Every structure is written in C-alpha cells, then in structure tokens.
Student: 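I'd like to ask some things about the structure below.
Because the structure is a prediction, the values reported are computed rather than measured.
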Amino acid sequence: MENIKQIATLEDQETTITISYTDKMISVYTNRSTVMGRMLKKGFIPEEKFYLRGELEGMVFRIPMSKMGAILKKTVFSYGGAETVENEESEKEIISDVNYFNEVIIP
C-alpha cells in the first residue's frame with residue numbers, strides 16, 4: 001500500500017465519528033494521513049475521497065456498528081505528539097468501553 005501524504009496542517013487535522021442508530025452504521029471522516037492509512041490497512045474501503053489541488057486530502061469510511069471494535073483500538077486512533085503508555089489496563093478499558101457500547105447503547 002502506498003504512503004498517503006499529509007496535506008492538512010496539524011491545526012486542521014481532524015477525525016469525526018458519526019453514529020447512525022437507524023441503520024446501525026458508523027461514518028468516519030478523517031483528513032489525517034495516518035488514520036486513513038490504518039483504516040485502509042485494516043481492510044476498510046472509503047466511501048468517499050476528498051482532493052485538494054489534485055492531492056488526496058481526506059476520506060469517509062462507513063462501517064457497520066458490529067465492527068466498531070476494530071476502529072476503536074489504539075492502533076487506528078493515536079496522537080504521535082502525546083506521550084502514550086501501553087499497558088494491560090488501558091487495553092482492558094478499551095475492551096470494556098466497546099463491550100458497554102455494544103451491550104447498552106446499541107440495543
């Protein structure tokens with residue numbers, strides 16, 4: 001897979017997650033190249049691509065809620081500018097949050 005060039009400046013980078021409860025789908029918009037690359041690497045296909053001056057600037061992915069756990073993992077969303085601590089407890093918290101979401105929020 002080719003490397004995606006970062007077009008948006010750090011101040012303009014964003015990732016927006018929108019949940020549609022009626023069709024049980026999650027839409028993920030991102031203009032952060034690392035998130036786009038990670039989503040593609042996980043096998044998600046973009047529904048839309050956005051270009052700025054002919055260069056790929058952003059993507060929208062639509063994902064079934066049943067696959068939400070795959071995108072909530074730290075491997076997709078992380079911020080390289082912040083110091084992160086990888087440990088078993090943080091992994092348990094992510095799994096707990098995903099389970100709560102699947103059991104309580106999504107009937």
Student: Could you check if a side-chain atom of Ile7 sits within less than 4.5 angstrom of a side-chain atom of Asn31, using non-hydrogen atoms only?
Tutor: no
Student: With a 3.5 Å cut-off and sequence neighbours excluded, list the donor-acceptor pairs that the side chains of residues 43-65 form with protein atoms.
Tutor:
from, atom 1, to, atom 2, distance (Å)
Glu47, OE1, Arg62, NE, 3.2
Glu55, OE1, Lys5, NZ, 3.3
Arg62, NH2, Asp23, OD2, 2.9

Student: Nearest 0.5 Å, please: how far is OG in Ser33 from CD in Gln13?
Tutor: 6.5 Å
Student: List in chain and number order the residues that pass side chain to side chain donor-acceptor pair (under 3.5 Å) with Thr16, two or more places apart in sequence or in another chain; answer none if no residue qualifies.
Tutor: none
Student: So among Gln6, Glu14, Arg38, which one has a side chain to side chain contact (heavy atoms under 4.5 Å, CB included) with Arg32?
Tutor: Gln6
Student: Under 3.5 Å, is there a donor-acceptor pair linking the side chains of Ser27 and Thr18?
Tutor: no
Student: Identify, with sequence neighbours excluded, every residue that meets side chain to side chain contact (heavy atoms under 4.5 Å, CB included) alongside Thr9.
Tutor: Glu11, Asp12
Student: Decide whether Met68 and Val35 are clustered together by the hydrophobic rule: side chain heavy atoms of Ile, Leu, Val, Met, Phe, Trp, Tyr closer than 4.5 Å, transitively.
Tutor: yes
Student: Would a single hydrophobic cluster contain both Met39 and Tyr29, if residues Ile, Leu, Val, Met, Phe, Trp and Tyr are joined by side-chain heavy-atom contacts under 4.5 Å?
Tutor: no
